[in-house]
Number of protein chains: 2
Amino acid sequence: MTDDPKLDAIGSLIARLRRSDMISENEVAALAGLISVCRDYPARAVVARPREHLEKSQLLVEGFVARQTELPNGRRQILAIHVPGDFLDLHGLLLKSLDHDVVTLSPARLAEAPHAILRETTAQYPHVARLLWFSTMVDAAIHREWIASLGRTAAGRIAHLFCELQLRLEVVGRADADGYALPLTQIDIADATALTPVHVNRTLRHLREAGIVDFRTGHVAIGDLPALRRIAGFRPDYLYLEQQPR
Amino acid sequence: MTDDPKLDAIGSLIARLRRSDMISENEVAALAGLISVCRDYPARAVVARPREHLEKSQLLVEGFVARQTELPNGRRQILAIHVPGDFLDLHGLLLKSLDHDVVTLSPARLAEAPHAILRETTAQYPHVARLLWFSTMVDAAIHREWIASLGRTAAGRIAHLFCELQLRLEVVGRADADGYALPLTQIDIADATALTPVHVNRTLRHLREAGIVDFRTGHVAIGDLPALRRIAGFRPDYLYLEQQPR
DNA sequence: CGCTCGGTTGATTCGCTTCAAGCCTTGTGG
DNA sequence: CCACAAGGCTTGAAGCGAATCAACCGAGCG
């Protein structure tokens with residue numbers, strides 16, 4: 001914690017970006033300058049709707065947020081799960097509106113970055129623009145890995161989700177190799193993996209009984225990370241966590 | 001066709017971008033200036049590999065190209081299908097290497113854009129930079145729609161693929177409402193939808209017998225577009241084809 | 001000609017869904 | 001302080017959609 005609330009707000013963002021690139025103090029200040037205000041939301045709050053014109057993008061400071069859409073059969077499909085340090089709707093800067101909902105999965109704190117300031121800052125600091133572009137490209141890489149879940153079994157899909165969140169949360173200091181807090185319901189897991197809650201429950205039991213991972217009461221306890229990654233087919237390179245000039 | 005091969009190469013790219021934004025003649029020239037050379041490839045050629053350091057990005061001028069990865073069970077998962085006017089590995093500009101393969105599905109012509117020139121041009125023409133960023137954001141939106149296929153049945157997944165390609169190809173003048181050339185095998189469709197070739201075959205037969213769509217010998221003949229879109233749950237807004245300042 | 005690859009069809013199996021019921025925890029109001 | 005409702009978790013039985021296994025066809029091609 002610092003004495004500057006804007007610096008606090010971007011702490012996780014900076015931690016994440018610094019895993020992938022060098023960032024100067026000037027650029028940190030520029031990123032902090034993007035933030036206007038912070039807002040707190042309860043769980044299950046809608047923080048962005050499709051087809052609404054956007055004037056700001058939102059940075060997740062604390063908590064868990066999902067992008068989701070409704071399928072023709074009426075079921076909810078979670079398209080992405082965001083952790084602190086992630087921009088939730090940076091793509092709205094150029095797309096102008098979203099094609100999906102953004103909702104909190106847990107109580108969450110969001111920092112708002114007005115598009116007017118984003119435009120100014122990206123024009124003035126080309127490297128900041130590149131960092132934000134990079135950030136949306138990693139989002140796309142994560143999307144692709146979720147597409148690959150089309151070809152995974154139930155255990156593989158769930159295991160992959162747990163592996164991915166373990167690493168992404170570790171980067172922002174909210175997980176270690178043994179586990180992490182994950183305040184999601186089994187229904188959320190079901191909507192993220194496109195499985196039924198019943199089958200998620202059974203699969204979680206199998207994973208627990210095998211001593212691989214224990215997900216209960218909002219906590220992922222990893223018993224055997226290598227086995228978990230094997231089941232998931234998890235290769236972490238798609239998160240681009242190697243530091244190099246971008 | 002023009003007398004400038006570089007302008008020909010970016011013709012479909014310009015057509016696509018002009019559906020979403022205004023582009024000046026200066027910017028068209030700047031985009032044409034990105035291109036160094038064109039290369040022709042046969043079907044099933046690998047045009048980019050994971051973990052290799054990239055010095056250029058490639059623009060698809062003609063043909064069909066897929067991004068794909070290998071799943072733990074040994075099966076190929078197609079993550080994206082590209083049509084003329086698409087950049088295949090623009091994300092390599094900042095990611096520096098890819099996490100997947102890029103392979104031609106049909107004979108294809110690719111235009112190469114060296115990263116050095118991409119950097120110069122995006123620095124000099126901020127709006128060109130925004131257009132390219134926009135382009136990668138639409139790629140991500142398409143990825144999300146493929147994630148939604150996790151919750152679709154076999155017919156829904158295939159129908160959605162056909163709907164999406166119909167619209168994307170129409171934008172670059174290679175499809176109309178009745179159908180389009182699609183030089184893919186049923187095995188390619190299977191790898192894109194994470195279904196078995198056998199089941200793809202059966203599902204295609206059902207769609208054909210219902211008079212909705214007939215996919216044979218490299219051609220999609222659409223019999224009932226509304227029905228096809230209904231089965232797919234297709235809403236075209238995720239392609240962001242409305243012209244507005246980006 | 002014979003090989004290969006893609007497409008087609010049938011029989012069987014399996015993973016996941018559906019339907020149904022019961023349990024536990026939490027919160028709330030009388 | 002307890003009754004009760006609601007939401008999430010758990011488990012069983014039956015059904016369905018897609019995978020698997022297997023065979024055959026047909027076109028293109030060396």
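A, B, ... follow the sequence lines: proteins, then strands. Residue 1 opens every chain.
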Under a 4.0 Å threshold between the charged nitrogen and the carboxylate oxygen, would Arg67(A) count as salt-bridged to Asp86(A)?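 Salt bridge: no.
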
Output yes when Arg174(A) and Glu62(A) qualify as a salt bridge under the 4.0 Å nitrogen-oxygen rule, no when they do not. yes

[N] OP1/OP2 closer than 4.0 Å to side-chain N/O of [X]:
| X | N | result |
| --- | --- | --- |
| Arg205(B) | dT9(C) | yes |
| Arg75(A) | dT18(C) | yes |
| Gln186(A) | dG7(D) | no |
| Asn201(B) | dG7(C) | no |

Classify the angle between the aromatic ring planes of Phe215(A) and Phe162(A) as parallel (below 30°), tilted (30 to 60°) or perpendicular (above 60°).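 Tilted, since the angle between the ring planes falls between 30° and 60°.
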
Tell me what Thr203(B) touches on the nucleic acid: a base, only sugar-phosphate, or nothing, going by heavy atoms under 4.0 Å.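 The residue Thr203(B) makes no contact with any strand.
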
Counting any heavy atom closer than 4.0 Å, what does Ala194(B) reach on the DNA or RNA strands: base, sugar-phosphate only, or nothing?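 Sugar-phosphate contact only.
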
Specify the separation, in whole Å, of atom [atom1] of [X] and atom [atom2] of [N].
| X | N | atom1 | atom2 | result |
| --- | --- | --- | --- | --- |
| Leu204(A) | dC16(C) | CG | C1' | 15 Å |
| His206(A) | dG15(C) | NE2 | C1' | 10 Å |
| Ile158(B) | dG17(D) | CD1 | C1' | 13 Å |
| Leu105(B) | dG6(C) | CG | P | 12 Å |
| His199(B) | dT8(C) | NE2 | P | 15 Å |
| Arg216(B) | dG26(D) | CZ | P | 15 Å |
| Asp188(A) | dG8(D) | CG | P | 8 Å |
| His219(A) | dG8(D) | NE2 | C1' | 19 Å |

Residue Leu195(B), side-chain atoms from C-beta onward, closest of dA18(D), dA22(D), dT18(C):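 That would be dA18(D).
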
Measure from the side-chain heavy atoms of Thr196(A) and tell me the nearest of dT17(C), dA19(D), dG7(C). dT17(C)

Can you tell me how far the NE2 atom of His91(B) sits from the CG atom of Asp139(B), to the nearest 0.5 Å? 8.0 Å

Which sits closer to the 5' end of DNA chain C, Arg202(A) or Phe215(B), going by the nucleotide each is nearest to?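 Final value for this comparison: Phe215(B).
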
Taking the side chain as every heavy atom from C-beta outward, state whether Pro50(A) and Asp101(A) have any atom pair closer than 4.5 Å.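 Yes, at least one pair of side-chain atoms sits under 4.5 Å.
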
